[in-house]
Amino acid sequence: QSLTLTGGTVTANQDQAVPVLTINLTSSDINQLLTQTALARPYHGNLSASTSTYLVVSTGALYDMAGLTVVAIPPSQALGARVYVGDANAPQLLSFDLTMTSSPAGRLAPAVLT
């Protein structure tokens, strides 16, 4: 499975020997990621290693402060994720629709909200 990100924000931490990029995903990308159950899974419960998540970057995906584009990382050289940060937000029901016109009068068809 694969997922191409459509947006989000990237922040860089330059305080370490090797710069660390943090990618904050858009809600849309997160929802798409959640539907792909083989992606972003820790390797046997170990949050520091994975065989399910790799990063591939195309030319022009990122630019540095001088306006230079990132060097592409092709699928054959994809970088594996080293650390996972778990989702701390519980799911919330944002909205739902209820239509009773197709049910017999005085009866409500059983429904399951997930």
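- One hydrophobic cluster, built from ILVMFWY side chains closer than 4.5 Å, holds both Val10 and Val70.
- Here the CD1 atom belonging to Ile30 is positioned 12.5 Å from the OG1 atom belonging to Thr35, to the nearest 0.5 angstrom.
- Atom CG in Leu79 sits 4.0 Å away from atom CD1 in Ile73 (nearest 0.5 Å).
- Using a 4.5 Å cut-off between side-chain heavy atoms of Ile, Leu, Val, Met, Phe, Trp and Tyr, with links allowed through other members, Leu25 and Val56 fall into different hydrophobic clusters.
- Between atom CG of residue Leu55 and atom CG of residue Leu5 there is a gap of 8.5 Å, rounded to the nearest 0.5 Å.
- For the residue pair Asp29 and Gly7, the shortest heavy atom distance occurs at OD2-N, 3.4 Å.
- Closest approach of Tyr54 to Ala78, counting heavy atoms only: CB-CB, 3.7 Å.
- With contacts defined as side-chain heavy-atom distances shorter than 4.5 Å, the pair Thr6/Thr4 does not qualify.
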